[in-house]
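Both backbone and side-chain heavy atoms feed into the values below; hydrogens, waters and symmetry mates do not.
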Amino acid sequence: MFDYRSYGRSDVSPGPLRRDALLIDTLAAIDYAKSRPDVDPTRIGMYGYSLGGAFALGAMAQRPEIKATATAAAFSSWAGIANSHVPILGWLLLPRGIDATENVKPLDAR
């Protein structure tokens, strides 16, 4: 279990939070887990809740050593979640990227 920058007990990140930075945090947590002697680095599994689900799927799309991901309350796209908070404009204000719907596509090929 880990906290992204500016979340939970982690240090506050200077400036605005960006999705790519949170994905970097996710990948760093995976790298740390793989470095532990009590972890088989070829059999990594992840569980992500809400925001964590989006990044767990993003990490799995990039890292073949992640063999399983379970998500709960993950959202399918950033623009979609923005639109639920700001109807009509949400789709326009938030760019696509690291969306769960896009990250699950390469997993079919595995």
Side-chain angles (χ1 to χ4, degrees):
M1 185 179 308
F2 71 98
D3 290 326
Y4 302 103
R5 64 189 76 196
S6 296
Y7 285 84
R9 295 182 180 171
S10 69
D11 293 337
V12 175
S13 179
L17 286 176
R18 299 182 48 86
R19 283 177 259 173
D20 56 342
L22 298 182
L23 182 58
I24 288 169
D25 293 347
T26 306
L27 298 174
I30 294 164
D31 290 339
Y32 169 73
K34 288 173 34 180
S35 75
R36 292 176 51 106
D38 58 334
V39 172
D40 179 346
T42 65
R43 298 178 51 201
I44 302 290
M46 298 184 71
Y47 171 75
Y49 179 78
S50 187
L51 178 74
F55 289 109
L57 290 170
M60 188 173 184
Q62 291 187 22
R63 298 283 184 93
E65 66 267 31
I66 302 171
K67 301 300 183 195
T69 296
T71 66
F75 45 87
S76 59
S77 74
W78 291 92
I81 199 76
N83 199 58
S84 69
H85 292 284
V86 183
I88 301 171
L89 292 177
W91 293 105
L92 302 171
L93 296 174
L94 206 58
R96 298 185 60 82
I98 312 177
D99 287 336
T101 53
E102 295 301 316
N103 286 321
V104 295
K105 289 178 184 177
L107 301 179
D108 274 347
R110 284 193 188 179

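The shortest non-hydrogen separation linking Tyr4 to Ser10 is O-OG, 2.6 Å. Residue Ala100 comes nearest to Phe75 through the heavy atom pair CB-O, 3.5 Å, listed as atom of the first residue, atom of the second, then distance. Summarising the geometry of Ile30 relative to Ala59, their closest heavy-atom pair is CD1-CB, 3.6 Å, with the distance given to 0.1 Å. Nearest heavy-atom pair, Gly53 versus Ala74, reported as atom, atom and distance to 0.1 Å: CA-CB, 3.9 Å.
A chain of hydrophobic side-chain contacts below 4.5 Å, direct or via other Ile, Leu, Val, Met, Phe, Trp or Tyr residues, connects Ile66 to Val39. Clustering ILVMFWY residues whenever any of their side-chain heavy atoms sit less than 4.5 angstrom apart, transitively, puts Val86 in the very cluster that holds Leu92.
The CZ atom of Arg19 sits 6.5 Å away from the CG atom of Asp99 when rounded to the nearest 0.5 Å. One finds the CH2 atom of Trp78 at 4.5 Å from the CG atom of Leu51 (value rounded to the nearest 0.5 Å). Separating the CD1 atom in Ile81 from the CG atom in Leu94 is a distance of 10.5 Å, to the nearest 0.5 Å. Of the inter-residue distances, the one linking Arg63 atom CZ with Ile44 atom CD1 reads 10.0 Å to the nearest 0.5 angstrom. Atoms CG and CD, on Asp31 and Glu65 in that order, are 7.5 Å from each other to the nearest 0.5 Å. Atom-to-atom distance recorded for Thr26:OG1 and Ile98:CD1 is 8.5 Å, nearest 0.5 angstrom.
Using a cut-off of 4.0 Å between Lys/Arg side-chain N and Asp/Glu carboxylate O, Asp25 and Arg5 are scored as salt-bridged.
Here Ser6 pairs with Val12, Ser13, Leu17 under the side chain to side chain contact (heavy atoms under 4.5 Å, CB included) rule; sequence neighbours left out.
Applying the side chain to side chain contact (heavy atoms under 4.5 Å, CB included) test between Met60 and each of Asn103, Val104, Leu107, Thr71 identifies Leu107 as the sole match.
Within 6.0 Å of CG on Asp20 lie more than 12 heavy atoms contributed by other residues, nucleotides or ligands.
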task = Take Phe2 and Tyr32 through the test side chain to side chain contact (heavy atoms under 4.5 Å, CB included) and record every step on the way to the result.
result = CA-CA 11 Å; Phe2 71 98; Tyr32 169 73; over 6 Å; no
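Contact annotation: the side chain of Tyr47 never approaches that of Met1 to less than 4.5 Å [non-hydrogen atoms, C-beta and beyond].
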